[in-house]
Amino acid sequence: MNPTSNTILSTINELFGSLFSSIDSSIYSALDEIAFIDTGILNSTYFEKLLGTSANNGILLIANALLIGFILYYAVKHLLSSFAIVEAQNPYQFILKLILVGILMNSSFFLCEQIVNLNNLLSTAIRDVGHNLLHADICFSKLIDVSNSIILVEENSSNIFSIDGIIKTIVSVGFLNLTFIYSIRYILLKVFILISPFAILTLSLRSTSNLFKAWFKCFLSLLFIELFADFILIVMFSLEYSATSLVSKLLFIGAIFALMKVNNYVRDLIGGISIDTYNTMYGMRRLYET
């Protein structure tokens with residue numbers, strides 16, 4: 001191989017080596033912060049003010065105004081039902097439902113907080129069981145140790161152009177993709193919590209109750225991604241890896257792809273919204289139709 005080729009290969013290897021080092025030092029720990037969500041997602045002064053600390057401010061103010069609009073809508077509909085023009089729900093049932101909806105709607109922050117906390121407790125319990133059985137911390141930041149133990153790029157003269165180099169590239173790109181996926185999930189969870197008062201409000205009328213079902217299914221599916229990922233991580237740490245075994249390296253890559261597809265598995269089981277940037281809007285439309 002001529003000196004020019006050696007220089008090009010050396011430069012490429014150096015660039016990819018710097019990229020891998022940057023990913024190893026930041027991506028893994030960042031994944032733990034955005035993948036394992038607790039009530040800290042709600043602990044923001046601006047977020048709480050935006051949602052509303054009472055019925056007189058924030059999004060709750062708008063939601064309560066719409067609640068009054070629903071009352072006016074029902075009053076007109078009930079008046080028309082007296083002339084047999086339309087049918088209206090029993091007024092006692094409607095008032096009772098509206099009171100319940102109003103209480104739940106103004107307590108939406110607390111309800112979402114408890115749901116997130118329950119999901120976090122389940123996730124922590126699953127990972128604790130894995131820790132007790134495998135004597136290893138079940139988290140993304142510890143996967144770097146597994147990756148470095150089976151992918152020995154530095155021992156190959158051609159580095160990135162070796163089998164281990166290619167596998168290391170796939171692994172690094174996979175974890176980078178996971179970071180984007182879980183970042184989208186993190187943002188969408190905050191969005192769904194913000195619109196929770198409007199989702200609960202739609203329970204007031206039969207014609208709009210499907211919107212609440214769609215919201216609730218999306219919200220739960222985003223949370224359940226974490227639980228499903230916990231089991232995949234436990235399986236990853238339970239496997240026996242070897243730097244000389246190509247099969248163990250392929251299984252490690254397969255587990256990473258499984259983590260990337262967790263959202264699809266959850267949607268197939270319970271429905272929900274896609275956190276793939278291309279399919280998110282389609283998923284929302286499909287949920288409402290079903």
Side-chain angles (χ1 to χ4, degrees), residues 20 23-24 26-37 119-120 122-151 153 163-189 217-243 245-280 282-283:
F20 295 155
I23 291 176
D24 290 347
S26 57
I27 293 297
Y28 291 87
S29 57
L31 267 172
D32 284 334
E33 295 183 21
I34 59 178
F36 304 126
I37 291 177
N119 186 78
N120 177 249
L122 289 173
S123 176
T124 303
I126 293 171
R127 284 182 279 120
D128 285 344
V129 170
H131 174 76
N132 293 332
L133 293 176
L134 304 174
H135 305 291
D137 292 333
I138 310 300
C139 58
F140 288 99
S141 58
K142 292 299 180 180
L143 285 178
I144 186 175
D145 298 330
V146 178
S147 175
N148 290 337
S149 68
I150 62 175
I151 306 174
V153 178
I163 292 296
D164 277 354
I166 294 172
I167 292 176
K168 180 65 175 179
T169 303
I170 295 173
V171 169
S172 298
V173 172
F175 275 104
L176 192 60
N177 193 16
L178 279 174
T179 305
F180 288 120
I181 290 173
Y182 282 105
S183 296
I184 294 172
R185 170 179 175 259
Y186 188 94
I187 296 299
L188 284 179
L189 275 172
K217 193 179 292 186
C218 289
F219 186 52
L220 282 186
S221 69
L222 289 172
L223 290 174
F224 283 175
I225 287 174
E226 181 176 333
L227 303 180
F228 213 108
D230 290 336
F231 287 107
I232 296 178
L233 286 173
I234 289 176
V235 171
M236 291 180 73
F237 281 99
S238 68
L239 296 174
E240 295 184 2
Y241 298 103
S242 171
S245 173
L246 180 60
V247 173
S248 63
K249 297 174 184 179
L250 294 177
L251 288 176
F252 187 72
I253 293 175
I256 294 173
F257 276 95
L259 286 171
M260 291 167 56
K261 295 295 182 181
V262 164
N263 177 234
N264 294 337
Y265 307 147
V266 174
R267 283 196 300 142
D268 289 340
L269 286 173
I270 66 172
I273 189 171
S274 172
I275 51 179
D276 180 2
T277 53
Y278 293 102
N279 296 326
T280 299
Y282 172 75

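By convention here, the first residue in the shown sequence is residue 1.
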Let's go through F140 and I34 carefully: what are the C-alpha distance in whole Å and the side-chain angles of both, what is the deciding distance for side-chain contact (heavy atoms from CB on, under 4.5 Å) to 0.1 Å, and is it a yes or a no?
CA-CA 11 Å; F140 288 99; I34 59 178; over 6 Å; no
Could you check whether any side-chain N or O of [X] sits under 3.5 Å from a backbone N or O of [Y], counting only pairs where one atom can act as donor and the other as acceptor?
X	Y	result
D230	I126	no
S238	V235	yes
Y182	D32	no
N132	D128	yes
R185	A35	yes

From the options L239, I256, L246, select the one residue that forms a side-chain contact (heavy atoms from CB on, under 4.5 Å) with L251.
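Passing option: L239.
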Checking side-chain contact (heavy atoms from CB on, under 4.5 Å) between V262 and each of L227, I232, L178, I181, which is the one that passes?
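Of the listed residues L227, I232, L178, I181, the side-chain contact (heavy atoms from CB on, under 4.5 Å) partner of V262 is I232.
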Classify the ring geometry of F252 against F175: parallel below 30°, tilted from 30° to 60°, perpendicular beyond 60°.
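Rings of F252 and F175: tilted, as their planes differ by 30° to 60°.
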Heavy-atom pair of closest approach, residues N119 and F224:
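Minimum heavy-atom separation between N119 and F224: OD1-CD2, 3.8 Å.
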M236 vs K142 side-chain heavy atoms within contact, under 4.5 Å:
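Of all side-chain heavy-atom pairs linking K142 with M236, none is under 4.5 Å.
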What residues, two or more places apart in sequence or in another chain, satisfy side-chain hydrogen bond (donor to acceptor under 3.5 Å, both in side chains) together with S248?
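Here no residue qualifies.
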Can you confirm whether F36 is buried at CZ, in the sense that more than 12 heavy atoms of other residues, nucleotides or ligands lie under 6.0 Å from that atom?
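Check passes, neighbour count above 12.
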